[in-house]
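No hydrogens, no waters, no symmetry mates; every other heavy atom, side chains included, goes into these values. The structure displayed is predicted, hence computed values, not measured ones. Residue numbers start from 1 in every chain, and the chains themselves are labelled A, B, ... in the order their sequence lines are given, proteins ahead of strands.
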Amino acid sequence: MSRDDPFAGGVAPRLRRLDRGLAEAIRDAQCRDWTADRPDRVGFARLGQVRREVLTAAARYRVAPRVTDGPTVLAVAAAGLLVALPLLLLVPDPARPLPLAGIAVAAVWAAYAIRAGLRRLRIRRARHAADTPAPIDDPFLYAVTRRTIESCAASARADRSYRRRGAAADLEYALDWLSAAQDELPRLR
Amino acid sequence: MSPVRAPYTDLGAVRALIADGFDEIVRTADDLDQFWIRSACGRLAAADAVLATVPGRRSGPVNVLITTVVTAGVAAGSAALARAAGGGLVVALVLAALLLAVAFQVTGLLRRREVAPVRPAAPKVPGPGLVEVPLALERARVRLVSMGLRRAGRANWRVPALRRALSGDPALARIAEADLLLCQAIDCLERYLDDLSKDWS
């Protein structure tokens, strides 16, 4: 079962994956618009509408949006392993109130510091990275998105619960916006 | 991140421009319940609400301070509680983890701060009809983008670095989100005007 198979898995993970891909394409197109590399403020706005409808449909499947990002998770894990655990093992009788508070504060500060460092490092490394082609120009993105949305809508229409059947309507709006983003038909001037 | 800080007077100026454009739409549109106009108004209100929650200059240190104080208090309290109950280190740690989760939920440090979008009151008399996208919205977008670019810093103006900066900096992410909503509002209005011009011809 390949990752790009639109019929792989249930509807909720498919919608989550779709949302992630769309968010990436939108952010990239927005950056290109900001830096006038590929000035087009309509395309990414319409993809944003697609993402909005997909998120509405995902909310009917109780897919919660992610609250943390990669560096945060990594920083918390690293602070727990590298700071809190050794301190707990080294400090004599760490269950007293004052030492435990000290260890907790040290871990929190370490987590903040590691997160800031990670973010700075990622940006610094990206400064010299080679530029890739824009995903918004990729016709395959639209084809895959359309197929995924259609298959999700088909599953949603056949669902037993009322709430999830409502997702089919949202996904049809998403399809409308997707074709508007691809063709960019009604544009003034 | 770059040492360049977003000047927060600019934020106020962008919000004022958005309010101007919104007001113009509400005054001149003949039918506020028309689909495109209603969508545009919703996006504008959402963009304004997002801009209202852009974290300020002091919000980072204040967040760290609050987290430190809450963590220290909860850890000390749970250790004292575990000691009084006769438990060891494991009991104290479990108690501290549970209490921390509750405390952060209550103080809202882990949640996103949300502001309810506000809309100007609709006038009694319908306007003459929209003929163009309000200029204030375009100007708001220009200022918003230049604010975001200044905030990202000159070294990050190439696309891969800017993408990382957008996902790494919470203030910049909010600015980008507001920019997306503003573009959607402008696009909705353009589609409305396009439909109108097709009807007339």
Side-chain angles (χ1 to χ4, degrees), chain A residues 23-24 26-28 30-35 37-38 41-42 44-49 51-52 67-71 88 93-105 107-109 111-112 115-116 118-120 122-132 134 180 185-189, chain B residues 1 39 63-64 67-68 71-80 82-83 87-93 96 100 110-112 133 141 145 148-149 152 155-169 176 179-191 193-195 197-198:
Chain A
E24 203 173 311
I26 293 165
R27 177 146 291 175
D28 183 86
Q30 191 170 17
C31 288
R32 283 171 203 277
D33 180 53
W34 278 22
T35 56
D37 178 23
R38 178 190 178 282
R41 67 166 189 220
V42 177
F44 80 85
R46 289 183 180 172
L47 271 190
Q49 306 266 25
R51 184 173 175 230
R52 179 193 178 90
V67 288
T68 55
D69 54 343
L88 280 177
D93 191 12
R96 286 170 294 155
L98 217 54
L100 194 65
I103 292 172
V105 168
V108 166
W109 284 357
Y112 272 117
R115 183 173 73 170
L118 275 179
R119 282 181 173 167
R120 190 170 298 207
R122 277 165 62 127
I123 293 175
R124 196 158 287 234
R125 209 177 330 140
R127 276 183 199 163
H128 304 291
D131 204 356
T132 50
L185 273 176
R187 286 184 77 162
L188 218 57
R189 98 194 96 89
Chain B
M1 216 68 45
S39 313
N63 264 356
V64 174
T67 319
T68 306
T71 309
V74 165
S78 62
R83 180 150 291 214
L89 177 62
V90 178
V91 178
L93 283 184
L100 270 184
L110 296 181
R111 263 177 303 155
R112 281 175 64 143
V133 178
R141 191 189 177 227
V145 169
L149 285 176
N156 298 331
W157 281 358
R158 284 186 64 246
V159 173
L162 191 60
R163 219 164 38 205
R164 286 280 188 225
L166 278 192
S167 55
D169 184 354
D179 176 53
L180 179 68
L181 287 167
L182 192 55
C183 284
Q184 288 177 352
I186 294 176
D187 183 38
C188 284
L189 289 179
E190 282 181 349
R191 286 187 80 165
L193 293 176
D194 188 69
D195 287 354
S197 67
K198 270 178 199 153

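With respect to chain A, the highest number of heavy-atom pairs below 4.5 Å among B/V145, B/D179, B/T71 belongs to B/D179. Between chain B and the residues A/E24, A/R32, A/R52, the most heavy-atom pairs under 4.5 angstrom are made by A/R52. Interface remark: of the candidates B/V74, B/L93, B/L100, B/L162, B/L162 forms the most heavy-atom pairs closer than 4.5 Å to chain A. Residue with the most contacts toward chain A among B/G77, B/G73, B/A176: B/A176 (heavy-atom pairs, distance under 4.5 Å).
Applying the salt bridge (Lys or Arg N to Asp or Glu O under 4.0 Å) test to B/R163 and every residue at least two apart in sequence or in another chain returns A/D28. Taking A/R51 as the reference, A/D19 meet the salt bridge (Lys or Arg N to Asp or Glu O under 4.0 Å) condition, with sequence neighbours excluded.
Rounded to the nearest 0.5 angstrom, A/Q30 CD and A/T35 OG1 are separated by 11.0 Å.
Proximity of a side-chain donor or acceptor of A/R115 to a complementary backbone N or O of A/P71 within less than 3.5 Å is not detected. Remark: the backbone N or O of A/A126 is not paired with any side-chain donor or acceptor of B/R164 at under 3.5 angstrom.
Contacts of B/S167 with chain A are made by both backbone and side-chain atoms, with heavy-atom separations under 4.5 Å. For a residue to count as touching a neighbouring chain, one of its non-hydrogen atoms must lie under 4.5 Å from one of that chain's; by this rule B/I186 touches chain A with the side chain only. Residue contact with chain A, scored on non-hydrogen atoms closer than 4.5 Å, is absent for B/L182. Both the backbone and the side chain of A/L100 come within contact range of chain B, each with at least one heavy atom under 4.5 Å from a heavy atom of that chain. Using a 4.5 Å cut-off between heavy atoms, A/L118 does not touch chain B at all. For B/A82, no part lies near chain A; criterion is any non-hydrogen pair under 4.5 Å. In this structure, the portions of B/A155 lying under 4.5 Å from any heavy atom of chain A include both its backbone and its side chain. Only the backbone of A/A130 comes within contact range of chain B, with at least one heavy atom under 4.5 Å from a heavy atom of that chain.
A salt bridge does not link B/D187 to B/R191: none of the charged nitrogens lies less than 4.0 Å from a carboxylate oxygen.
In terms of heavy-atom proximity, A/Q49 sits nearest to B/Q184 at N-NE2, 3.3 Å.
Residues B/P160 and A/D131 form a side-chain contact, since some pair of their non-hydrogen atoms from C-beta on lies under 4.5 Å apart.
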